[in-house]
Amino acid sequence: MTSAALTAATDALIAVAHDPNSEEAAGQAAARALIEAAQSAGIEESNTAIRCLSEHFSMDHPGRAGFLALVCGALVEQGCDPDAMAEPMTRRLAELLKSAGDLADACREQMPEPDEDTENETDPAQVFEAIHRDISETMREEAAAWDGLQTFWRPAVAIYSKSDAARDAARPLRDDALRLADWHEAGHWLQQILAVRTDEPILVIEPDSQQGIIGTFSGVVDNFQLNTLIMDAFPRSGLLKRRRVPKRVADIARGDGPQQSDETVQSVWNLYTWEALDEQGRLPAPEGGNVSQHWVWNEGIPDDIPVFEGRRVVLLGPASYPRFWKAQRMFDQLRASLVVETILTKEDVADWLKRMVAAGRTS
């Protein structure tokens, strides 16, 4: 097939999407024809097709627009340019998230208070679904946006996994995604990927060994993943300098390997925020009481880690008990990194700790 065949297939799919009488089978057939034509054409021709299709993401029917977005997302996963559809996708996604978020808020206002008698407690998801059905009858535009997101979120994740620039530009949408996160899978997945930072400054120090690094991290979804990357990147001492995690496990965390494996990761340290330091610049004893208030929880996200002088700060202390997690990453196509820019001297480490202690006294 030639680029002319791809152009014809693109026009045909757009026509089917805009035809109010077209059925699902016609759309599926037109989509298959386009993807087959794209496989025979070049990447630039396929990128042109994506740009043409994305011009129609604004069509009135969000479900049909979402189907076009799904086709574009499939092309992106086959190697096409995610930025070819990023701006129209983010613009339409903003509208859908806002409308669906308004519906979620309206439903939430009618949710009953939790029943203190747990034996008679009704499943909140069932209660929400019943309220959602009733309110959707009067909030039809918002309900259509809610349904449209069922299709739109998947290609959006494909774009934001592949393009740092697109994800960074869409980051303000996270607040509306959070409004939906408890009740809609689009809100759940979008709020996670839109929390991901690019070139985020980080400082990691192990006070006991007086070692530390300064660098940046990108593409990290949760602190399980960040912990794995720190274990791989932090300087090792001793003659053998054994790896803390196998290379194949680090590759999974970085997006260089499969999305997951059967292997288990064991944490080397307790991770602390900079606020955990006492007046002598020491971390609390692992077995001490109330030490968890300044832990960096693996279940959290990097945004939860407090900033000191413009950097996320992670302090490394002895593990208080064994922590294990699966070798996996949240989004298959999202690459992650922790780039070490500077290995700190003992004098550098002492100076950083001194400044943190001084800031802790005045906070």
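Note that the numbering runs from 1 along the sequence shown for the chain.
Following chains of ILVMFWY side-chain contacts shorter than 4.5 Å, one can reach Ile14 starting from Phe67, so the two form part of one hydrophobic cluster. With hydrophobic clusters built from ILVMFWY side chains whose heavy atoms lie under 4.5 angstrom apart, Val314 does not share a cluster with Leu283. A continuous path of ILVMFWY side-chain contacts below 4.5 Å connects Ile159 to Met330, so both sit in one hydrophobic cluster. Hydrophobic clustering, with ILVMFWY side chains joined whenever heavy atoms are under 4.5 angstrom apart, groups Val76 together with Leu6. Cluster annotation: Phe224 and Ile193 are assigned to distinct hydrophobic clusters (Ile/Leu/Val/Met/Phe/Trp/Tyr, side-chain heavy-atom contacts under 4.5 Å, transitive).
In this structure, the side chain of Ser267 engages the main chain of Trp269 through a donor-acceptor pair within 3.5 Å. Panel note: side chain Ser261, backbone Glu263; a donor-acceptor pair is recorded below 3.5 Å. Between the side chain of Arg171 and the backbone N or O of Ala195, at least one donor-acceptor pair lies under 3.5 Å. For the pair Asp304 (side chain) and Ile301 (backbone), a donor-acceptor distance under 3.5 Å is present. In this structure a side-chain-to-backbone donor-acceptor pair under 3.5 Å is missing from Gln191 to Gly187. No donor-acceptor pair closer than 3.5 Å links the side chain of Asp19 to the backbone N or O of Val16. Thr138 contributes a side-chain N or O that, together with a main-chain N or O of Ile135, makes up a donor-acceptor pair within less than 3.5 Å. A distance-only check finds a donor-acceptor pair linking the side chain of Ser218 to the backbone of Asp199 [under 3.5 Å]. Judged by distance alone, with hydrogens and angles left aside, the side-chain atoms of Ser22 form no donor-acceptor pair with the main-chain N or O of His18 at under 3.5 Å. A donor-acceptor pair under 3.5 Å is absent between the side-chain atoms of Glu137 and the main chain of Asp134, judged by distance alone.
Within a 6.0 Å radius of CG in Asp262, no more than 12 heavy atoms belonging to other residues, nucleotides or ligands are found. Around CD of Glu299, the count of heavy atoms belonging to other residues, nucleotides or ligands within 6.0 Å exceeds 12. Within a 6.0 Å sphere centred on CD of Gln280, other residues, nucleotides and ligands contribute more than 12 heavy atoms. Counting non-hydrogen atoms of other residues, nucleotides and ligands closer than 6.0 Å to CD of Glu341 gives a total above 12.
Note that the CG atom of Leu277 and the CH2 atom of Trp352 stand 12.5 Å from one another [nearest 0.5 Å]. Within the model, atoms CD1 of Ile213 and CD of Glu206 stand 11.0 Å from one another, a figure rounded to the nearest 0.5 Å. Rounding to the nearest 0.5 Å gives a distance of 8.0 Å between CD1 of Ile205 and CZ of Phe234.
Listed by chain and residue number, Glu309, Asp351 satisfy the salt bridge (charged side-chain N to carboxylate O under 4.0 Å, His left out) test with Arg355 (two or more places apart in sequence, or in another chain). When the salt bridge (charged side-chain N to carboxylate O under 4.0 Å, His left out) test is applied to Asp105, the partners found at least two apart in sequence or on another chain are Arg108, Arg179. Under the salt bridge (charged side-chain N to carboxylate O under 4.0 Å, His left out) criterion, Asp60 pairs with no residue at all, not counting sequence neighbours. Here Arg312 pairs with Glu200, Asp303 under the salt bridge (charged side-chain N to carboxylate O under 4.0 Å, His left out) rule; sequence neighbours left out.
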Pair Arg197-Asp168, salt bridge (charged side-chain N to carboxylate O under 4.0 Å, His left out): steps then yes or no: CA-CA 7 Å; Arg197 300 263 181 181; Asp168 293 345; over 6 Å; no

Leu149 and Leu180: CA distance, side-chain angles, deciding distance, side chain to side chain contact (heavy atoms under 4.5 Å, CB included) verdict: CA-CA 11 Å; Leu149 281 171; Leu180 303 174; 3.7 Å; yes

Verdict with supporting geometry, Met231 and Val265, side chain to side chain contact (heavy atoms under 4.5 Å, CB included): CA-CA 10 Å; Met231 286 193 290; Val265 187; 3.6 Å; yes

Trace of the side chain to side chain contact (heavy atoms under 4.5 Å, CB included) decision for Ile230 with Arg244: CA-CA 10 Å; Ile230 290 173; Arg244 299 185 183 92; over 6 Å; no

Intermediate values then yes/no, side chain to side chain contact (heavy atoms under 4.5 Å, CB included), Val340 and Leu338: CA-CA 6 Å; Val340 177; Leu338 196 165; 4.2 Å; yes

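Annotation: side chain to side chain donor-acceptor pair (under 3.5 Å) contacts involving residues 66-83, sequence neighbours excluded, comprise Asp83-Ser163.
The shortest non-hydrogen separation linking Lys346 to Ser209 is CE-O, 4.5 Å. The shortest heavy-atom contact between Asn47 and Cys80 is OD1-CB, 3.3 Å. Closest approach of Pro207 and Leu316 over heavy atoms only: CD-O, 3.3 Å. Heavy atoms only, all atoms of each residue included: Val220 and Ser337 are closest at CG2-O, 4.4 Å. Considering all non-hydrogen atoms of both residues, Leu13 and Ala31 come closest at CD1-N, 4.0 Å. The two residues Trp274 and Leu315 make their nearest non-hydrogen contact at CA-CD1, 3.7 Å.
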All N/O donor-acceptor pairs, side-chain side in residues 87-96, below 3.5 Å, sequence neighbours left out:
unit_1	atom_1	unit_2	atom_2	d
Glu87	OE1	Arg91	NH1	2.4
Glu87	OE2	Arg91	NH1	2.4
Thr90	OG1	Ala86	O	3.1
Thr90	OG1	Tyr160	OH	2.7
Arg92	NE	Glu95	OE1	3.4
Arg92	NH1	Phe57	O	2.4
Arg92	NH1	Met59	O	2.7
Arg92	NH2	Met59	O	3.3

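Phe324 places a side-chain heavy atom less than 4.5 Å from the side chain of Pro322. A heavy-atom distance below 4.5 Å is found between the side chains of Val357 and Arg361. For the pair Val313/Met356, a side-chain contact is recorded, criterion being any heavy-atom separation below 4.5 Å from C-beta on. Contact of the Leu334 side chain with the Arg329 side chain is not registered, since no non-hydrogen atoms from C-beta on lie closer than 4.5 Å.
Checked against the 6.0 Å centroid criterion, the rings of Trp146 and His132 qualify as a close aromatic pair.
Here Arg254 pairs with Asp232 in a salt bridge; the nearest charged N to carboxylate O distance falls below 4.0 Å. Taking the charged nitrogens against the carboxylate oxygens, Arg154 and Glu185 do have a contact shorter than 4.0 Å, which makes a salt bridge. Here Asp251 does not pair with Arg248 in a salt bridge; the nearest charged N to carboxylate O distance is not below 4.0 Å.
Partner Ile202 forms a side-chain contact (heavy atoms from CB on, under 4.5 Å) with one of Ile305, Leu226, Val307 and no other, that one being Leu226.
Side-chain atoms of Arg323 and Asn227 form no donor-acceptor pair, as typed in the model, at a separation below 3.5 Å. A donor-acceptor contact under 3.5 angstrom links the side chains of Thr345 and Asp348, judged on distance only.
Trp189 and Phe331 have perpendicular rings, their planes meeting at more than 60° on a 0 to 90° scale where under 30° would count as parallel. By the 30° and 60° cut-offs, the orientation of the rings of Trp295 relative to Tyr272 is perpendicular.
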